[in-house]
There are 2 protein chains.
Amino acid sequence: MDRFVSNFTNRLDAKGRVSIPAPFRAVLARDGFEGLYVHPSLDLKALDAGGNALLSDIDRLLETLSPYSDERDGLATALLGVSEVLKVDSEGRVVLTESLKTYAGVSDQVTFVGQGRKLQIWEPERFRAHLDQARATVRELKRRLEQTTSREPAS
Amino acid sequence: MDRFVSNFTNRLDAKGRVSIPAPFRAVLARDGFEGLYVHPSLDLKALDAGGNALLSDIDRLLETLSPYSDERDGLATALLGVSEVLKVDSEGRVVLTESLKTYAGVSDQVTFVGQGRKLQIWEPERFRAHLDQARATVRELKRRLEQTTSREPAS
DNA sequence: CGGGATGATTTGGGATACCATGGGGCCTTA
DNA sequence: TAAGGCCCCATGGTATCCCAAATCATCCCG
């Protein structure tokens, strides 16, 4: 398994360190990236994190824009300019910078959420709320699908 | 990591010296350039800086314009003509020239912002404002991309 | 089916190294 | 000789490393 799956909640210690969940560390190790690449999500109050896979996604996105264009500069600023490459200690922990914690509203606990090629870092309460809302959206979508197609519910 | 990522704010001392953030120094060292190449940004009240990678980007840009054209001369003047190659002292500090500081509105602090192959130098308050604007622009850009492609959000 | 027991993982803390910053003084240059 | 640039060393604060304790999960045996 080479992608981030499931979610884990860990606490920050007095020095602000958090353990990256072991399953996620395994994915990162296979990815081959030294450290943890983290940046604020563009539209959620959460952090996106990952390794080379995430980096190359960002690179690809930047390459679609012409050099020296405003769009590209803006994107580089909004992504690379506010990113951090966090060092991982020998126990698999990282320390989030102040600005990252502020952005995500993190204080003493964080929830790591698998997203396939990347992972997200949430303040636990916010993640619960986000999850509830996402489920509601999905239920709504499912209901609409069931109305247009005349198939029976898939449970 | 071979690109400029994240941002750091450092202060100028009484002699006008600023430390280049250590992670950026590491990138410059790998790039192999002696010193720090700096020029005013073409359209922002900030400075662009870097090493050989930035230099070769500029070269490539100039080559796209026909030799002896007014455009090329103008661009060469605006980039190369106002560039400085700053010496880096043994502690990794540089001294910005008066004209560079004036252009960027720098007084006693600067923010170094990673942009991948190059970095930018900002007066901290101006950078905050610029970042807000860049994020807004990117959100808009992302919305457009999501409409054209039917892929899932990249966050 | 319950109770340990074993190994992995997370959490904690002290020591250490690195880095941003400040200042002295020499040496060049005008 | 005065000014400025440059090199070197000193210091405080912070991040990193290494070792130890506690927590948790899994597996095995009774």
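Order of the sequence lines sets the chain letters (A, B, ...), proteins ahead of strands, with each chain counted from 1.
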Counting the atoms with a prime plus P, OP1 and OP2 as sugar-phosphate, which does [X] contact under 4.0 Å by heavy atoms, base, sugar-phosphate, or nothing?
X: A:Ile20; answer: sugar-phosphate
X: B:Arg93; answer: base
X: A:Lys87; answer: sugar-phosphate
X: B:Asp89; answer: nothing

Protein-nucleotide distance ([X], atom [atom1]; [N], atom [atom2]), rounded to Å:
X: A:Glu84; N: D:dT16; atom1: CD; atom2: P; result: 11 Å
X: A:Leu86; N: D:dC17; atom1: CG; atom2: C1'; result: 17 Å
X: B:Glu98; N: D:dG5; atom1: CD; atom2: C1'; result: 15 Å
X: B:Leu96; N: D:dG4; atom1: CG; atom2: P; result: 18 Å
X: B:Arg11; N: C:dG23; atom1: CZ; atom2: C1'; result: 15 Å
X: A:Asp13; N: D:dA15; atom1: CG; atom2: C1'; result: 13 Å
X: A:Phe24; N: C:dT10; atom1: CZ; atom2: P; result: 11 Å

Residue of the set B:Glu140, B:Gln133, B:Arg139, B:Arg135 for which side-chain hydrogen bond (donor to acceptor under 3.5 Å, both in side chains) holds with B:Thr137: B:Gln133

Lys/Arg cation over aromatic A:Phe4: A:Lys118, 6.0 Å, 45° cone: no

Donor on one side chain, acceptor on other, A:Thr111 and A:Glu123, under 3.5 Å: no

Nearest-nucleotide comparison on DNA chain C, the residue closer to the 5′ end among B:Lys15 and A:Ala22: A:Ala22

Nearest to side-chain heavy atoms of B:Ser19, which nucleotide of C:dT10, C:dT11, C:dT21: C:dT21

Of the listed nucleotides D:dT16, C:dA20, C:dT10, the one nearest the side chain of B:Pro21: C:dA20

Residues A:Glu125, A:Arg128: salt bridge by 4.0 Å N-O rule: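 Counted as a salt bridge, because a side-chain N and a carboxylate O are separated by less than 4.0 Å.
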
Salt bridge B:Glu63-B:Arg60, side-chain N to carboxylate O under 4.0 Å: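 Looking at B:Glu63 and B:Arg60, the cut-off is not met.
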
Short side-chain N/O contact to D:dT14 OP1/OP2 from A:Arg17, under 4.0 Å: no

Distance-only donor-acceptor test, B:Glu91 side-chain atoms vs D:dC6 base atoms, 3.5 Å: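 Not at all, since no donor on one side and acceptor on the other fall under 3.5 Å apart.
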
